[in-house]
*Asks:* 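Please find one structure pasted underneath; my questions will follow.
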Amino acid sequence: PHTCQSPPGKYITACDRAGCGTNGYNVNPQGLGPNSTYKINTQQPFRQSVTFTGSSIHVKFDQNGNTWEFEDCGNSQYIQEMNEALDYGFVLVMSHWGSTYSTMQWLDGKTGCSGDCDGSGFAKFSDFEIS
């Protein structure tokens, strides 16, 4: 997550691009990855939920009885600065950025992945609930 310097609903000219996120790998290197040695095997279906409480962002993954969860952005003041925008409303956006190591290393590099992942380009998003 990141804060922006414009009121919600107005043209955004500047945001804190670095934001305040948490790399799941830094929480638990074996939490999420592409085989059965990880708590959540990303090669199998799993459920992700994100809960915004006003001062925290809770991330939870569930798969076949396994659960892995953590707090994203451990800075409650930073999250509170986002509340006006969160109350205004957001648009859910998901994308499949790529499968080559050269395009995904910025995201996957810490996972121990040292080469290209499955090159099929297939990703499935399903069973959404927004409440």
Side-chain angles (χ1 to χ4, degrees):
H2 62 267
T3 58
C4 296
Q5 281 63 51
S6 299
K10 302 295 181 189
Y11 181 76
I12 298 171
T13 58
C15 292
D16 174 15
R17 291 181 58 92
C20 179
T22 300
N23 185 321
Y25 181 85
N26 293 337
V27 174
N28 179 354
Q30 291 302 120
L32 185 74
N35 62 52
S36 62
T37 64
Y38 293 88
K39 184 105 176 166
I40 303 297
N41 179 354
T42 58
Q43 292 182 333
Q44 301 296 321
F46 61 90
R47 176 178 289 268
Q48 178 183 6
S49 63
V50 180
T51 304
F52 296 86
T53 67
S55 62
S56 69
I57 301 172
H58 186 77
V59 180
K60 181 177 179 182
F61 295 90
D62 291 300
Q63 181 182 60
N64 301 326
N66 290 324
T67 299
W68 180 51
E69 49 194 316
F70 59 91
E71 298 298 318
D72 191 20
C73 181
N75 183 338
S76 62
Q77 178 62 35
Y78 192 93
I79 294 169
Q80 289 171 357
E81 291 175 19
M82 297 173 55
N83 283 340
E84 186 180 2
L86 290 169
D87 289 342
Y88 186 80
F90 274 62
V91 174
L92 177 64
V93 176
M94 293 182 288
S95 64
H96 183 262
W97 295 327
S99 59
T100 65
Y101 186 68
S102 63
T103 59
M104 297 303 297
Q105 193 270 340
W106 69 273
L107 181 63
D108 297 336
K110 287 189 171 187
T111 66
C113 179
S114 60
D116 290 350
C117 298
D118 174 15
S120 69
F122 178 79
K124 181 179 180 179
F125 302 98
S126 63
D127 194 21
F128 291 92
E129 178 182 330
I130 299 174
S131 57

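For clarity, every value in this text was computed on a predicted model and none was experimentally measured.
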*Asks:* Can you tell me how far apart CG (N75) and OG (S56) are? Round to the nearest 0.5 Å.
*Replies:* 12.0 Å
*Asks:* Report yes if some heavy atom in the side chain of M94 is under 4.5 Å from a heavy atom in the side chain of F128; otherwise report no.
*Replies:* yes
*Asks:* How long is the straight-line distance from OG1 of T3 back to CG of N83, given to the nearest 0.5 Å?
*Replies:* 12.0 Å
*Asks:* Before you tell me yes or no, could you show the steps for Q48 and V59 under side-chain contact (heavy atoms from CB on, under 4.5 Å), namely the whole-Å CA-CA distance, both residues' side-chain angles and the distance that decides it to 0.1 Å?
*Replies:* CA-CA 7 Å; Q48 178 183 6; V59 180; 3.9 Å; yes
*Asks:* Measure across G31 and K39 and return the closest heavy-atom pair with its distance rounded to 0.1 Å.
*Replies:* O-CB, 3.5 Å
*Asks:* Working to the nearest 0.5 Å, report the span between CG of N64 and CZ of R47.
*Replies:* 12.5 Å
*Asks:* Answer yes or no: is there a side-chain heavy-atom contact under 4.5 Å between T13 and Q5?
*Replies:* no
*Asks:* Quick check: closest heavy atoms across Q80 and G54, and the distance to 0.1 Å?
*Replies:* CG-O, 3.3 Å
*Asks:* Honestly curious: do Y78 and V50 fall in one hydrophobic cluster under the side-chain, below-4.5 Å linking rule?
*Replies:* yes
*Asks:* What's the spacing between D87 CG and F52 CZ if we round to 0.5 Å?
*Replies:* 11.5 Å
*Asks:* Can you label the angle between the F61 ring and the W68 ring as parallel, tilted or perpendicular, going by 30° and 60°?
*Replies:* parallel
*Asks:* Atom OG in S36, atom CD in Q43: separation rounded to 0.5 Å?
*Replies:* 9.0 Å
*Asks:* For C20 versus G74, what's the shortest heavy-atom pair and its separation?
*Replies:* SG-N, 4.5 Å
*Asks:* Where do Y25 and N23 come nearest, in terms of heavy atoms and distance?
*Replies:* N-OD1, 2.9 Å
*Asks:* Output the distance between atom CD (E71) and atom CD1 (I79), rounded to the nearest 0.5 Å.
*Replies:* 8.0 Å
*Asks:* Return yes if some donor-acceptor pair links the side-chain N/O of D72 with the main-chain N/O of T22 below 3.5 Å, else return no.
*Replies:* yes
*Asks:* Measure the shortest side-chain to side-chain distance between Q63 and N41 over non-hydrogen atoms and say whether it is less than 4.5 angstrom.
*Replies:* yes
